[in-house]
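Everything on this sheet refers to the single structure shown next.
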Amino acid sequence: MDSHKSDLYPAFHSRLPLCELRAIIPFPRKIGGNMIRKQLTSFIRRTIVDVLEKMPADIPADIHLETPPRKDYGDFSTNTAMVLASQLKKPPREVAGELLAKMQGSPPGFIERIEIAGPGFINFFLNPDWLHECVRAILNGNGSYGRCNIGEGRRVLIEFVSANPNGPIHIGHGRGGVIGDVLANLLEAIGYEVDREFYINDAATSGQMQKFGRSLEARYFQLQGIEKEIPEDGYHGDYVTDLAREILDAEGARYNDMSNEDRLRTFTNLAQEKMIEHQRETLERFGITFDNWFSEQTLVEAGRVEQAIEALKARGHTYEEDGALWLRSTEFGDDKDRVLVRNNGVPTYLASDVAYHTNKFERGYDLLIDIWGPDHHGYMIRTTAAAQAVGYAPERLHIFVHQIVRLLSEGELVRASKRAGDLVTLDEILDAVGKDVARFFYLMRSHDSHLDFDLDLARKESQENPVYYVQYAHARICSILRDAEDTASERSLAAADLSLLNHETEVSLMRKLADLPEEVKLAAAEYAPHRLTRYAQELASSFHCFYTECRVLSDDDALTLARLALLRATQIVLQVTLGLLGVDSPERM
RNA sequence: GCGCCCAUAGCUCAGGGGACAGAGCAACUGCCUUCUAAGCAGUAGGUCGCAGGUUCAAAUCCUGCUGGGCGCGCCA
């Protein structure tokens with residue numbers, strides 16, 4: 001039992017804390033994005049109040065209104081009775097009976113019947129009209145279906161990728177990249193105002209950048225046939241040679257005669273500029289654009305690192321020892337204190353990180369999200385500690401770490417090592433399978449699970465892989481809508497009689513469409529963008545079943561129109577879903 | 001040694017208190033004179049790593065094991 005720790009570090013819950021959600025969504029947690037859900041929710045709430053007479057101060061947060069796993073459990077289902085059972089010290093089914101009796105007194109019109117099932121679930125069977133209304137809402141929604149305003153415009157800064165400017169974007173960055181990008185999309189969809197930021201570790205004092213400059217310089221000379229050694233712990237990757245060639249091709253040998261000191265400085269700067277440019281290009285290929293590329297060096301130059309250190313001193317969270325300045329991070333749960341300023345007077349990475357996070361808060365964000373690779377997980381505590389030490393509530397800084405990505409090639413794992421140069425770049429993945437497959441594959445696994453990217457398989461399976469399965473659904477729809485261009489105008493679809501849609505596969509498809517708002521909300525709130533790929537596959541599956549069973553274009557004009565409306569709605573939901581994933585919705589395949 | 005993550009179908013993984021544990025791939029059987037077969041239907045496949053505990057209810061939460069991955073600098 002470690003409640004002490006979790007009290008101290010709520011930020012470590014890798015999701016929006018439920019308390020926050022609860023403040024926004026009073027009850028129950030799984031309120032939906034359509035009217036029916038809201039009405040059902042308040043109906044259940046009223047019933048609980050009636051039955052319990054005195055309402056408990058807090059209705060337990062684990063009461064859910066959910067979509068049951070099987071259709072004979074109804075359209076919606078709640079665990080209310082089972083949750084209340086322990087409070088009331090009665091068997092769940094008995095509690096359910098009392099609730100049911102009360103509910104049947106004055107059920108809202110949209111409820112057809114209510115049943116008690118299993119251990120005490122209360123299942124609601126709705127009049128099918130609710131699905132038709134849902135389809136109409138999609139058709140009339142102007143692409144806004146699935147969106148809501150939980151965020152109420154609060155500002156979120158999500159920082160991700162932040163690769164060091166001394167190497168290309170590799171497959172690990174790719175993972176952080178999609179997770180961050182799609183999470184940003186999701187948070188925007190639920191009403192947050194989101195900025196995406198890439199932090200550049202470009203501090204001029206850093207030894208790694210100088211080593212990088214020296215490595216580039218060596219390659220530059222080598223390409224001219226001049227003997228020059230790469231530093232032993234320098235960067236040996238081919239990309240360094242490529243950069244050197246770029247420079248040589250563009251500017252010739254003009255750097256040969258510079259003083260060593262000037263040349264090193266020049267090459268360090270050049271190396272960095274070129275590298276960042278390449279990173280930006282790769283990420284753009286991958287569908288990721290940042291609102292801001294934030295330079296560490298600007299913090300240093302503006303004296304912000306000094307200020308951050310002074311702020312920590314002023315708050316009494318530092319002390320001097322062995323000639324260094326230490327942050328008393330153990331006060332905030334770290335297992336040891338950390339150095340802020342080395343005994344040679346140079347601030348550590350942590351010091352600029354404090355300055356950076358302070359700066360983020362000062363720019364007015366309500367919530368900061370950092371997405372880090374697994375090699376940084378040891379820094380979660382000290383960074384959170386530092387943020388607290390400068391006075392920011394840890395709930396406002398969510399750091400989460402994804403697990404490693406390895407490349408599986410010809411059945412063998414390829415380990416990435418930047419300095420040795422045998423890393424696998426994101427560009428290689430993009431060359432092999434393209435943006436859509438890459439993004440989708442990355443998001444088929446939860447972020448805290450390891451990911452072996454089997455390139456051969458991704459390529460080989462490109463005929464039957466889940467991305468194409470989903471995109472194919474969209475292309476099929478487009479094809480029919482093209483054929484029906486004349487009848488499928490927006491106006492005629494609006495007049496369609498949707499009550500004709502009562503084939504089993506039509507109903508399943510409509511139900512799936514109705515789930516989107518809830519899926520978006522959960523994926524966002526749980527920081528689980530991978531939920532969306534699953535939803536996309538389920539939606540596509542529902543569509544393909546429908547397609548096989550029901551012919552859309554027929555002699556029956558009314559039915560044709562109704563099915564065209566359903567098609568159009570499905571197309572919209574597919575577009576919204578794929579759009580959130582940053583995957584294209586092709587019109588033909 | 002300490003910290004984080006993982007262990008579920010042959011393989012890769014979802015599900016993270018609730019109703020008979022799911023999907024894709026692989027295997028087997030069917031379905032194209034009709035809107036795209038990149039599709040559909042069906043069969044087979046599981047002591048949810050092990051042992052305790054909490055609960056009306058545990059794959060899910062807690063504790064302890066076992067096995068694996070990653071990290072643990074006055075590097076960034």
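Throughout, protein chains are lettered first and strands after them, A, B, ... in sequence-line order, and every chain is numbered starting at 1. Side chains included, hydrogens not; waters and symmetry mates left out as well; all remaining heavy atoms used.
- In terms of heavy-atom proximity, Thr533(A) sits nearest to Leu443(A) at OG1-O, 3.0 Å.
- Among the protein residues, Asp483(A) comes within range of the sugar-phosphate backbone only, with heavy atoms under 4.0 Å from sugar or phosphate atoms but none that close to a base.
- One atom, CG of Leu299(A), and another, P of A76(B), lie 15 Å apart when rounded to the nearest Å.
- Side-chain nitrogen and oxygen atoms of His544(A) include none within less than 4.0 Å of the OP1 or OP2 phosphate oxygen of A37(B).
- Side-chain N/O atoms of Tyr547(A) include one lying less than 4.0 angstrom from OP1 or OP2 on A37(B).
- For the pairing with Leu99(A), the side chain to side chain contact (heavy atoms under 4.5 Å, CB included) check across Ile116(A), Ile44(A), Ile122(A), Ile114(A) returns one residue only, Ile122(A).
- Straight-line distance between the C1' atoms of G3(B) and C25(B): roughly 36 Å, to the nearest whole Å.
- Scanning for salt bridge (charged side-chain N to carboxylate O under 4.0 Å, His left out) contacts around Arg439(A) gives Asp181(A), with sequence neighbours left out.
- Residues passing the salt bridge (charged side-chain N to carboxylate O under 4.0 Å, His left out) test with Asp452(A), sequence neighbours excluded: Arg406(A).
- Under the 30°/60° scheme for interplanar angles, the aromatic rings of Phe198(A) and Trp293(A) are found to lie parallel.
- For C32(B), the base adopts the syn conformation, since its glycosidic angle falls within 90 degrees of zero.
- To the nearest angstrom, C1' of G39(B) lies 4 Å from CZ of Arg476(A).
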Strand RNA chain B in bracket notation, Watson-Crick/G-U under 3.5 Å with | for pairs to another chain
(((((((..((((....[...)))).(((((.......))))).....(((((..]....))))))))))))....
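- Scanning atom types as modelled, no donor and acceptor separated by under 3.5 angstrom connect the side chain of Ser449(A) and the base of A14(B).
- For G3(B), its base sits under 3.5 Å from the side chain of His377(A) at one donor and acceptor pair at least.
- One finds no side-chain N or O of Arg534(A) lying less than 4.0 angstrom from the OP1 or OP2 phosphate oxygen of C13(B).
- Distance noted for atom C1' between U55(B) and G10(B): 36 Å (whole Å).
- Among the protein residues, His376(A) comes within range of the nucleic acid bases, having at least one heavy atom under 4.0 Å from a base atom.
- Take Phe212(A) and apply the ring pair (Phe, Tyr, Trp, His ring centres under 6.0 Å) test, not counting sequence neighbours, and it matches Tyr235(A).
- At least one side-chain nitrogen or oxygen of Arg342(A) sits closer than 4.0 Å to the OP1 or OP2 atom of C75(B).
- Between Gln403(A) and Tyr469(A), the residue anchored closer to the 5' end of RNA chain B is Gln403(A), taking for each the nucleotide with the nearest heavy atom.
- Look at CD1 on Ile477(A): it is 16 Å from P on A38(B), rounded to the nearest Å.
- Between the CZ atom of Arg338(A) and the P atom of C74(B) there is a distance of 8 Å, rounded to whole Å.
- The P atoms of C50(B) and U60(B) are separated by 10 Å, rounded to the nearest whole Å.
- Between Ser554(A) and C35(B), a side-chain N or O to OP1/OP2 separation shorter than 4.0 Å is absent.
- Here Asp322(A) lies in heavy-atom contact (under 4.0 Å) with a base.
- Spacing between atom CG of Leu340(A) and atom P of A76(B) amounts to 12 Å, rounded to whole angstrom units.
- Mapping Leu451(A) and Trp326(A) onto RNA chain B via the closest heavy atom, the residue that lands nearer the 5' end is Leu451(A).
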Which atom pairs link the protein and nucleotides 55-57 of chain B when you take only N or O atoms and keep those under 3.5 Å?
| from | atom 1 | to | atom 2 | distance (Å) |
| --- | --- | --- | --- | --- |
| C56(B) | N4 | Met82(A) | O | 3.1 |

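- For the C1' atoms, the distance linking G15(B) with G46(B) amounts to 15 Å, nearest Å.
- G18(B) has no base stacking with the ring of Phe121(A) when judged by centroids under 5.5 angstrom apart and an interplanar angle below 30°.
- For Arg551(A), the salt bridge (charged side-chain N to carboxylate O under 4.0 Å, His left out) criterion is met by no residue, not counting sequence neighbours.
- Scanning atom types as modelled, no donor and acceptor separated by under 3.5 angstrom connect the side chain of Asn166(A) and the base of A76(B).
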